[in-house]
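Numbered from 1 within each chain, the chains take letters A, B, ... in sequence-line order.
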Amino acid sequence: MDNPYLAHHKQKKAYGSGATNGDATSKEPLFGFVPRRVKGEQVRKALDGDINPFTKQPHTPQYKKILEARKKLPVFGQMDEFMTMFSNNQIIVMVGETGSGKTTQIPQFVCFSDLPHTRGKMVACTQPRRVAAMSVAKRVADEMDVQLGRQVGYSIRFEDMTEPGTTFLKYMTDGMLLREAMNDNELSRYSTIILDEAHERTLSTDILMGLLKSLAKRRSDLKIIVMSATLDALKFQKYFGITGDGSQPAPLFKVPGRTHPVEVFYTQEPEPDYVEAAIRTVLMIHRAEEPGDILLFLTGEEEIEDACKKIKIEADDLMNQDPDSVGPLVCIPLYSSLPPAQQQRIFDPAPSARSGGGPPGRKVVVSTNIAETSLTIEGIVYVVDPGFSKQRVYNPRIRVDSLLVSPISKASAQQRAGRAGRTRPGKCFRLYTEKDFMKELEEQTHPEILRSNLANTVLELVKLGIKDLVRFDYVDAPAPETLMRALELLNYLAALDDEGNLTPLGAMMAEFPLDPQLSKILIISPEFKCSNEILTITAMLSVPNIWVRPNNQRREADAAKALLTVPDGDHLTLLNVYNNYMQNQNDKNWTWTNYLSARALAQADNVRAQLLRNMERFEIELMSITDPRKLYIAVRMALVCGFFMQVAHKEGEKGQYLTVKDNQVVGLHPSCGLDGQPEWVIFNEFVLTTRPYIRTVTEIKPEWLLEYAPQYYDLSSFPEGETKRALVRVANKKAGKFAGRTDDGSERDAKRRKKARQ
DNA sequence: CAGGGAAGG
């Protein structure tokens, strides 16, 4: 017997075997179930019974109705195969295409086999997105005929919809499971963990795969199911195989999907202007194809709004020229920063025909990648795919994150095409040649772990007890330089000591749902007596852009922003906006009249409350200073304690800045509200758009750098240049003030450093 | 002088 879990349980009594009543199955539907040796036949019998096996209550009438629908799902027909494979293996890779029912059914099958409720354990199923975790949990609670939040629940940031001791099937975001792992490295609450949508390769899922692979060796009682799309299955099978070299891959459980066929068309020649080609294709479909809605993928907000306008104009022209054969068309933009009410418009029905017998109307949704995985629009029959999306790229050498319009992968193109076949057979128009599809497109989109700044992830890994980050068994290992950059930052922030061990400060930082620079300033902020303000600023920096700037009201929006701007720095402006927002909470129009995003501000308030709870847990005092001038200085000093590596120094008079040490030439972002061009600034972000910019910028004093980050600003090892000369002048001036003293202040610095690390 | 793909804690 390979699996010690099975060996262990072989002797175990079957569930309910102590019952004396021979007719036990009617009252005890799980009678005779041996954990993890349960057969499909037993499950089907229990499902068809009148008593809910998990609550012992009689089934409600709608239960049977839902059950009949479940029986038609492809995965249901393979229950026996699944139950056997689950019994015989610790790790399974599963592929199930759209419509197979894997996300709702597999976790239920596992519950029948694991019987987690009898063993004080849970079955977890992770999702990359919150909405998915919530909606699937609701669906499964209905299917199992239980109340959501009791036997079946979900756990996402800001909402734990579970009942300890009762919940045994928990849907959750991958990020939440990772958080749990930080405090319980063995994930001992779970008997089985299912990673769903693993092919999306989110940062959290990737880290979880590494953790679970090694955890499986320590916890022979833990079972793991990795669910993915077909293309990635072999990679995961090899990764989770017993030998590691792929010679004994993990077993594969495969279920066909249930979608309609999609016919794919390519262009004969490459299209030089994909936006123009996309508009042309949409109009061609509108003119010549059968009724049915269109989904067009573009890369960003501006491109989408622009395309919508052009399509609308041209479609109206077509209709006016030829009202007998061309119907009305509505064009609906879709991207994440749209207010929810506007996002809802994608579900509106297509416009009706203009006249009784006239041609029917058509709906065109012009969307970013959000419609590729996160949002599903029913009724789409035509997909137009120009083959591009914006993708995050991280350059560890210069520590810059940027968004680049890049060709999508084959997997992504396939996913896009599939969006046309959800309700009936569809067509996908790819605006590139078949040859380019075959030869130029990558198989898979590069996983996030290869494209991101890993500062936060590395801190999490260290907190998870991973000692050797370079040799951690990643599915795809990040560039060593990216890891080094992250370790370096964490060491300078005093989250890790020189040996790479977690410091008490680092352990606390890891508990905050923030980037390390932000958790650092939040934790040390009481030293500057301004933790109340730093709390607000960290929350504001954790949410999407709060500024609304409609194309036709730019001047008005800029004027409104100017009224809220604090000239000392954008961080203080954020603080000011939040405070004003809170003071005007009774005025429902306040955000609107001030060109601010009500959604982002509400989010900031929510994040702030969560961070405050964390602060209370660690007894970090909430403090403030009444004198606004002193307060602003204190806030800027505290900011330096986290952002001393994100400093730029003005060079010359042309408004050019050089980033410290990396010597990148950058400009202040046009959104920056600073009064003039101060010599020294910290910045929150370095963005590469038309030019390199620094965004969310605050003026600082160079003395603060020497004082609060002496390790980083050790002038003896500082790269030569104008920045260093300026710092030396500051250091000399500072030393001059203490003329007559024998020491150079280093002892004082050491004390302060020690204090800052606490 | 000019601008944020999607997602997570």
Side-chain angles (χ1 to χ4, degrees), chain A residues 126-133 155-160 172-182 197 200-208 297-305 334-338 367-375 388-393 401-406 408 412 415 445 447-449 451-452 456-457 459-460 463 509-516 518-519 538-539 542-551 554 557-558 597 600 603 606-607 610-611 613-614 654-656 667-672 677 684-685 687-696:
Chain A
T126 67
Q127 298 293 321
R129 282 168 290 280
R130 286 184 209 152
V131 279
S155 175
I156 60 175
R157 188 184 186 182
F158 305 123
E159 200 181 359
D160 181 8
M172 63 205 303
T173 46
D174 47 9
M176 279 304 290
L177 185 60
L178 198 54
R179 291 257 129 201
E180 285 189 10
M182 291 195 331
E197 315 290 356
E200 289 196 29
R201 303 293 304 276
T202 66
L203 250 175
S204 298
T205 294
D206 262 30
I207 300 299
L208 284 169
F297 286 101
L298 290 177
T299 64
E301 175 177 343
E302 201 182 327
E303 204 174 83
I304 286 168
E305 294 290 356
L334 177 64
Y335 43 87
S336 74
S337 59
L338 273 179
S367 171
T368 58
N369 254 5
I370 193 170
E372 197 179 295
T373 48
S374 309
L375 271 174
F388 292 95
S389 71
K390 276 191 190 167
Q391 283 166 35
R392 176 195 293 282
V393 185
D401 248 337
S402 46
L403 282 173
L404 269 185
V405 173
S406 328
I408 60 171
S412 197
Q415 178 78 16
T445 310
E448 252 183 349
I449 197 169
R451 297 186 284 120
S452 310
N456 210 2
T457 305
L459 184 59
E460 282 171 355
K463 183 79 204 291
M509 283 167 61
E511 295 284 333
F512 283 85
L514 292 170
D515 282 339
L518 292 173
S519 52
T538 51
S542 308
V543 299
N545 187 18
I546 56 161
W547 309 102
V548 177
R549 197 168 182 254
N551 263 338
R554 288 186 183 177
D558 290 346
S597 159
Q603 262 182 55
N606 207 356
V607 172
Q610 187 192 30
L611 295 175
R613 287 194 294 274
N614 276 337
K654 286 195 298 186
Q656 212 173 60
L668 298 181
H669 193 272
S671 66
C672 173
Q677 289 168 341
N684 185 59
E685 263 183 306
V687 290
L688 195 62
T689 50
T690 48
R691 277 172 41 197
Y693 285 114
I694 49 177
R695 188 157 61 194
T696 313

Euclidean distance, atom [atom1] of residue [X] to atom [atom2] of [N] [Å, nearest integer]:
X      : N     : atom1 : atom2 : result
A:Q603 : B:dG9 : CD    : P     : 11 Å
A:E460 : B:dG9 : CD    : C1'   : 7 Å
A:I370 : B:dA7 : CD1   : P     : 4 Å
A:N369 : B:dG8 : CG    : C1'   : 17 Å
A:L518 : B:dG8 : CG    : C1'   : 15 Å
A:D515 : B:dG8 : CG    : P     : 16 Å
A:I304 : B:dA6 : CD1   : C1'   : 12 Å
A:E200 : B:dA6 : CD    : C1'   : 9 Å

Residue [X], side-chain heavy atoms: nucleotide from [options] that is nearest:
X      : options             : result
A:R130 : B:dA2, B:dA6, B:dG8 : B:dG8
A:H669 : B:dA7, B:dA2, B:dG3 : B:dG3
A:N456 : B:dA2, B:dG3, B:dG9 : B:dG9
A:K390 : B:dG9, B:dG3, B:dG5 : B:dG5
A:T173 : B:dC1, B:dA6, B:dG9 : B:dG9
A:R451 : B:dG5, B:dA2, B:dG8 : B:dG5
A:Y693 : B:dA2, B:dG5, B:dG9 : B:dA2

Remember a base hit wins even if backbone is also touched, and classify [X] as base, sugar-phosphate or nothing at under 4.0 Å, heavy atoms.
X      : value
A:S336 : sugar-phosphate
A:R129 : sugar-phosphate
A:L514 : base

Salt bridge [X]-[Y], side-chain N to carboxylate O under 4.0 Å:
X      : Y      : result
A:K463 : A:E511 : yes
A:E301 : A:K390 : no
A:R179 : A:E460 : yes

Subject >> Pair of N/O donor and acceptor under 3.5 Å linking B:dG5 base with A:R392 side chain >> reply: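 Such a pair is found, so the answer is yes.
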Looking at [X], I'd like to know whether one of its side-chain N or O atoms comes within less than 4.0 Å of OP1 or OP2 on [N].
X      : N     : result
A:T299 : B:dG5 : no
A:T368 : B:dA6 : yes
A:T690 : B:dG3 : yes

**OP:** Compare every heavy atom of A:G655 with every heavy atom of A:Q677, then report the nearest pair and how far apart it is.
**Re:**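 Closest pair (atom of A:Q677, atom of A:G655, distance): OE1-CA, 3.3 Å.
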Subject >> Partners passing side chain to side chain contact (heavy atoms under 4.5 Å, CB included) against A:Q415 (at least two apart in sequence or in another chain) >> reply: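 Here the qualifying residues are A:E372, A:T373, A:R419.
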**OP:** Report the residues that fulfil side chain to side chain contact (heavy atoms under 4.5 Å, CB included) with A:P692, sequence neighbours left out, ordered by chain and then residue number.
**Re:**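 Testing A:P692 for side chain to side chain contact (heavy atoms under 4.5 Å, CB included), a comparison that skips the adjacent residues, returns A:V666, A:F686, A:L688.
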Original post:
So which one's nearest nucleotide on DNA chain B is more toward 5', A:S374 or A:Q610?
Top reply: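 Result: A:S374.
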